[in-house]
J.: 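Quick one: the structure is below, questions incoming.
These numbers come from a predicted model, not from an experiment.
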Amino acid sequence: MEGYHDLLQAGSQLESTLQQVTVPLSLKEVGGYIEKQVAYLSGGRGEDSSVIITLPECSAFSDIPVEALAKVLTYLTLIPRARQPGVKFIIILDRRLDTWTSIKTALARIAASFPGNLHLVLVLRPTSFFQRTVTDLGFRFSQEDFMLKMPVVMLSSVTDLLRYIDENQLTSEFGGTLDYCHSDWIVLRTAIETFAVTVKDIAQMLQAFGTELAETELPEEGNAIELLLLSHTEKYRRLKDAIRSVLKEGHHLLSSLEASGKEEQSVAHWDISQDWETVQRLLAQLRDMEMAFDGFFDKHHLKLQQYLQLLRYENNFHEIESSLKKLCAQEKELRAGDTLGQMEQMLRELSNLETRAQEDLARAQVMILQGHQLAVGHHYATALILQRCNELRHQQDTLTTGLSTKRDSFTQTHNLLKQLQEAQRWCDDAVYLLANQQVDKCQSKEGAQVALRDIEKFQEGAPPLLTTGSHVLCMEYESVLTPALQTQVVKTFEKKATVQAMIDSRLACLRKLADKHIRPVQLVAPRAENPPRSKSPLFSPKHDFNSSLKFTFDLSLPGKKTSRKNTNSRKIEVMHEYQENHNCVSCGVDGDTSDLQKRHIMKELIETERTYVEELLSILLGYREEMENPVVCNLPPPDLQDKRDILFGNMPDIYNFHSRLFLQDLEGCLEKPETVGACFLQRKENFQVYEHYCQNKPRSEALWKQYSDCPFFQECQKKLEHKLGLDSYLLKPIQRLTKYQLLLKELLKYCTGCEGTSELQGALEAMLDLLKFVNDSMHQTAITGYEGDLATLGRVLMQGSFHVWVGHRKGPTRMKELARFKPMQRHLFLHERALLFCKRRDDHGEGADRTPSYSFKHCLKMSAVGITENIKGDAKKFEIWYSGREEVYVVQAPTLEVKLAWLNEIRKILTNQQKLLKDEISLTNPAPELIELATPLSERTVRSRSSGSVLKGCLPRLDLASLSVATCVCLRSRSPAHHSRPSCPARPSQRQ
């Protein structure tokens, strides 16, 4: 704000100078009389530097109005007083060719209207003998009167004038040497005043623009800031052009004054030097103000540019920060597996994550460098930028450390699992080796030695893991050891201990055989038909070998040969495991495909939402706001300017909802598309803005049809480079509603069984309900002839066309003869409180509107309506009876589904009315003696004409006669009413 204060101070100084050097009156206000030379300032000075004002010979002096003469004298006296306050004046009244009467009148008018300090009045009396004599006599008798008001000296000739004023201060007409040109004086004075006014206007423009810059609120969008920068720069350029023009004009004026001063070097022309100083002073202060304005604008412009840089930096920061946090979250979600295959998969996923992280880490590093560059460039938000750099660096370190730690952890876990697998394989190979050593060959000393060497050689190739204890291994891998891994370690060492015991036992036996020769023992096989190799201790738990070699160990050997006995079970197990793995893979592929489809649909929803918001903004800015643009305000008709709210409806509300709320909600669901249903349900009330828009659409279309050929719309479409007209874009909100339900349906296909499926289904139903209500409301707006307020009837629940037969109980027509009459085509509107019968009217003439209209015919209050669901002979018919069957309407639906839907809605309304009535009675709780109890309603029925099926009432033991008849009539039976019913208000005739 320092530059702004400097600008205000420079403007204040310039304003003060202008007040000192300018006069309240301008030459234009008295120009006519100044040009006639009624009076003028020759530039001459009398004694005490008194300013001389000359009133030359003027035949029409007496005709000049008093106010005009006062203005002339005021203007001429203000010029010297502005330069020298308190200056005295001398008036030379030249009346050598005039009369005493004129002199007397002139003196009286001067005395009455002269505004300054009048030092002396020198009058050149008439030269003719007669008039001079009259003047002398008249002045002698009137001298005291004049002298009391002002000092007057009557002079006989120009020679007498020289006794009071030097000849170099008098013009040539009074015998002086002072050079004076009245026209040049007017031109110079006009130029000075015009320059002063221009300088004043420029100063005010600079101050106003400076105030505008100082009070400008910074927008929160980069595009708006760029437009603001362009606008301010354009205004600044225009102001600079105006300042240069004024400075050029001032220098030209100075040159003119300097030229006049060089031509006349006399002392009497000191006024020119003062004018030159005045102009020079104004130019200097204008330059000072220009410099102050330049400094302020540069600071403001720099501030806007830095604000734009900061805004973009903040947006990029939040984007990268979000990406880094997401990567950190994904890194934390990676968990070590319990098997070697799982760990290899985790390592591959970690490698992919590291690859993706490298790009974001590089972007973050670029952001940090950009932040330091902004800080080095003395950005006003250096502290914030450095804080963001530190936060990014912290995020970088966190992600890098997390990935590195995860890499080390996964590598350790992988190594541990790999060593455990090698140990397990060694144990299996050991058991396999022991199982395949043939007993008959080991009976000899040489055979025993060979077997010993085989076992000892096998033991030399034992994994290093098995040479250490489990406690040492747990300490080495303590950082990655999970309960599952610890269990595997324990089981591995237990297996190793068991196998080692088997090896030690075998070695002991073989050593005995190798040390001394013994008679071979003939072993008897359990089953003679089996070959010797099948008698493996692995599958024969109790096999004696010299009575000291017992095997009671059972191990699974994947990949090894097994006995025929276990072949089937082994095969079934492997096949089952393979099938499970295959199913897992298949499910994984299907799951991945489903996730990809969901993300694709969600991405399409977000992208189309962004496009939709951009299109709404282009319409609002390119058409709606352009109606107030002064450049093109003459193109649209005046009537259209007052109806823009009809043409565009509440599109600004729709844009605000989508741009500020809903788009951000959708973007937050990109990673979890199944949660988008909750967004729709959360914003369900906000979507009600579409109801008003769609209800206004017929009026908008009618207005567009009237003004579609207006040049304004063509010009706007040309500027926006739209291929389609405005009417196509006004359909976008309605088309968008349809798009929502299509995308939600598609998303539901891939979210079956997901967590947010119910919310998605609810969102789809909400959108479909909104579309239905919007459609019904648009039809409702076309109803004509209804005298009341349709809003009092409640929401439109359903609408559609039906065939209707009408019958009246008191009329000559009997109910059974209703079917003989030709049906009427009626369009029914079901509201919460009433049912409207209308007649559809389509105008098929040339240029007619495609939207039909509905002429109101009849209204039934729902509080007095009853229904019969089935009519014999036609499954699509049903009855609506009114006021105790005083009026009966047989309605035929176009399809059975339409009939059922209408009956369902009407049943809901009647049920709600019963519930409200029951609540009202329970709250009222009248005395028992005032209520006459009737047969329970469970025994009263509303019978069907076709099959006798009944719809039982729901309020037991209430006397309908004691309640509001209009409310309970929906529960009456088909028999004639026993109670009187209030008749409906008069309505238009049905047969129209």
J.: Check Arg95 against Ala106 and note the closest heavy-atom contact, atom names and distance.
T.: NH2-CB, 4.2 Å
J.: Between Gln305 and Leu229, is any pair of side-chain heavy atoms under 4.5 Å apart?
T.: yes
J.: Is there a side-chain contact between Ile92 and Ile53 in this structure, where contact means two heavy atoms from C-beta onward sitting under 4.5 Å apart?
T.: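 The answer is no; the side chains never approach within 4.5 Å.
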J.: With Val123 as reference, evaluate Leu161, Leu107, Val153 under the side chain to side chain contact (heavy atoms under 4.5 Å, CB included) test and give the passing residue.
T.: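 It is Leu107, the one option of Leu161, Leu107, Val153 that forms the side chain to side chain contact (heavy atoms under 4.5 Å, CB included) with Val123.
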J.: Counting only heavy atoms not in His252, do more than 12 fall under 6.0 Å of its NE2?
T.: no
J.: Are the side chains of Ser157 and Arg96 in contact, using a 4.5 Å heavy-atom criterion?
T.: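 Arg96 does not reach Ser157 side chain to side chain.
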J.: Start with the C-alpha gap between Leu230 and Glu226, add the side-chain angles, then the distance that decides, and say whether side chain to side chain contact (heavy atoms under 4.5 Å, CB included) holds.
T.: CA-CA 6 Å; Leu230 292 175; Glu226 291 178 354; 5.6 Å; no
J.: Look at the rings of Phe297 and Tyr236 and say which category their plane angle falls in: under 30° parallel, 30 to 60° tilted, over 60° perpendicular.
T.: parallel
J.: Look only at the side chain of Gln717 and the backbone of His722, and say whether a donor-acceptor pair between them is shorter than 3.5 Å.
T.: yes
J.: Closer than 3.5 angstrom, by distance alone: can the side chain of Glu626 be matched with the main-chain N or O of Cys716 as a donor-acceptor pair?
T.: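 Pair absent, no side-chain N/O of Glu626 close to backbone of Cys716.
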J.: Which pair of non-hydrogen atoms, one from Ser618 and one from Leu720, has the smallest distance, and what is that distance?
T.: O-CD1, 3.9 Å
J.: Answer yes or no: is there an ion pair linking Asp645 with Lys643, defined by an N-O contact shorter than 4.0 Å?
T.: no
J.: What are the two closest non-hydrogen atoms of Gly43 and Leu178, and how far apart are they?
T.: C-CD2, 4.3 Å
J.: Does the pair Arg237/Asp241 count as a salt bridge with the N-to-O cut at 4.0 Å?
T.: yes
J.: Could you check whether Arg125 pairs with Asp98 (Lys NZ or Arg NE/NH1/NH2 to Asp/Glu carboxylate O, under 4.0 Å)?
T.: no
J.: Donor-acceptor check, side chain of Ser231 to backbone of Leu227, threshold 3.5 angstrom: yes or no?
T.: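 It does not hold such a pair.
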J.: Has the side chain of Ser700 got a donor or acceptor atom that lies under 3.5 Å from a matching backbone atom of Asn696?
T.: no
J.: Using every non-hydrogen atom in the two residues, find where Ala70 and Ser113 come nearest and quote the distance to one decimal.
T.: CB-CB, 3.8 Å
J.: Can you see which heavy atom on Val246 is nearest to which on Phe195, and at what distance?
T.: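 It is O-CE1, 3.5 Å.
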J.: Under a 4.5 Å cut-off applied to non-hydrogen side-chain atoms, are Pro80 and Leu41 in contact?
T.: yes
J.: Nearest 0.5 Å please: distance from the CD1 atom of Ile165 over to the OG atom of Ser50.
T.: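 If we round to the nearest 0.5 Å, Ile165:CD1 and Ser50:OG are 9.0 Å apart.
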J.: To the nearest 0.5 Å, what is the distance between OG1 on Thr105 and CH2 on Trp100?
T.: 9.5 Å
J.: I need the Ile90 CD1 to Gln169 CD distance, nearest 0.5 Å.
T.: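 Separation between the atoms: 10.0 Å.
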J.: Rounded to the nearest 0.5 Å, what's the gap from CG on Leu282 to CG on Leu247? Could you check?
T.: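 It is 11.0 Å, given to the nearest 0.5 Å.
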J.: State the OH-OH distance between Tyr307 and Tyr380, to the nearest 0.5 angstrom.
T.: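 Those atoms lie 6.5 Å apart.
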J.: Can you tell me how far apart CG (Leu374) and CG (Leu310) are? Round to the nearest 0.5 Å.
T.: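 If I round to the nearest 0.5 Å, the distance is 8.0 Å.
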J.: Set out, in order, the CA-CA distance, both residues' side-chain angles and the distance that settles side chain to side chain contact (heavy atoms under 4.5 Å, CB included) for Ile91 and Leu122, then state yes or no.
T.: CA-CA 6 Å; Ile91 292 180; Leu122 301 177; over 6 Å; no
J.: Please step through side chain to side chain donor-acceptor pair (under 3.5 Å) for the pair Glu35 and His182, ending with a clear verdict.
T.: CA-CA 8 Å; Glu35 291 175 358; His182 190 63; over 6 Å; no
J.: Say whether, by atom type as modelled, one donor and one acceptor occur between the side chain of Ser255 and the main chain of His251 under 3.5 angstrom.
T.: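 Flag set: sc Ser255 to bb His251 pair under 3.5 Å.
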J.: Would you please indicate yes or no on a ring centroid separation below 6.0 angstrom for His119 and Phe89?
T.: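 Ring centres of His119 and Phe89 not closer than 6.0 Å.
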J.: So, do Leu228 and His232 sit near enough that their side-chain heavy atoms are less than 4.5 Å apart?
T.: yes
J.: Looking at Arg287, I'd like to know if its CZ atom is crowded, meaning that more than 12 non-hydrogen atoms belonging to other residues, nucleotides or ligands lie closer than 6.0 Å.
T.: yes
J.: Using a 3.5 Å distance criterion without hydrogens, assess whether the side chain of Glu57 forms a donor-acceptor pair with backbone atoms of Leu97.
T.: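 Present.
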J.: Could you check whether any side-chain N or O of Thr382 sits under 3.5 Å from a backbone N or O of His378, counting only pairs where one atom can act as donor and the other as acceptor?
T.: no
J.: Donor-acceptor check, side chain of Arg109 to backbone of Pro65, threshold 3.5 angstrom: yes or no?
T.: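 Present.
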J.: Identify the two heavy atoms, one from Gln37 and one from Pro56, that lie closest to each other, and give their separation to 0.1 Å.
T.: O-CG, 3.2 Å
J.: Could you tell me whether Tyr180 and Tyr40 have their ring centroids closer than 6.0 angstrom?
T.: yes
J.: Are Asp727 and Ser708 side-chain neighbours, meaning at least one heavy-atom pair lies under 4.5 Å?
T.: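 The answer is no, as the side chains (C-beta and beyond) never meet within the 4.5 Å cut-off.
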J.: Kindly determine whether Leu76 and Ile34 satisfy side chain to side chain contact (heavy atoms under 4.5 Å, CB included), including the steps that lead there.
T.: CA-CA 9 Å; Leu76 294 176; Ile34 294 294; 4.1 Å; yes
J.: Is atom NZ of Lys240 surrounded by more than 12 heavy atoms (other residues, nucleotides or ligands) closer than 6.0 Å?
T.: yes
J.: Has Thr77 got a side-chain atom pairing as donor or acceptor with Thr74's backbone, closer than 3.5 angstrom?
T.: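 Yes, because the side chain of Thr77 sits within donor-acceptor range (under 3.5 Å) of the backbone of Thr74.
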J.: If we only count heavy atoms from C-beta on, is the Leu640 to Arg644 side-chain gap below 4.5 Å?
T.: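 No; the side chains remain at least 4.5 Å from each other.
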J.: Any Lys/Arg nitrogen of Arg238 or Glu234 sitting under 4.0 Å from an Asp/Glu carboxylate oxygen of the other?
T.: yes
J.: Tell me, do Phe174 and Leu162 make a side-chain contact under 4.5 Å, heavy atoms counted?
T.: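 Side chain of Phe174 against side chain of Leu162, heavy atoms only: no contact under 4.5 Å found.
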J.: Between Tyr693 and Asp653, is any side-chain donor less than 3.5 angstrom from a side-chain acceptor?
T.: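 Absent: no donor and acceptor within the cut-off.
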J.: What do the steps show when you test Ile619 against Leu726 for side chain to side chain contact (heavy atoms under 4.5 Å, CB included), and what is the final call?
T.: CA-CA 8 Å; Ile619 294 305; Leu726 174 61; 3.9 Å; yes
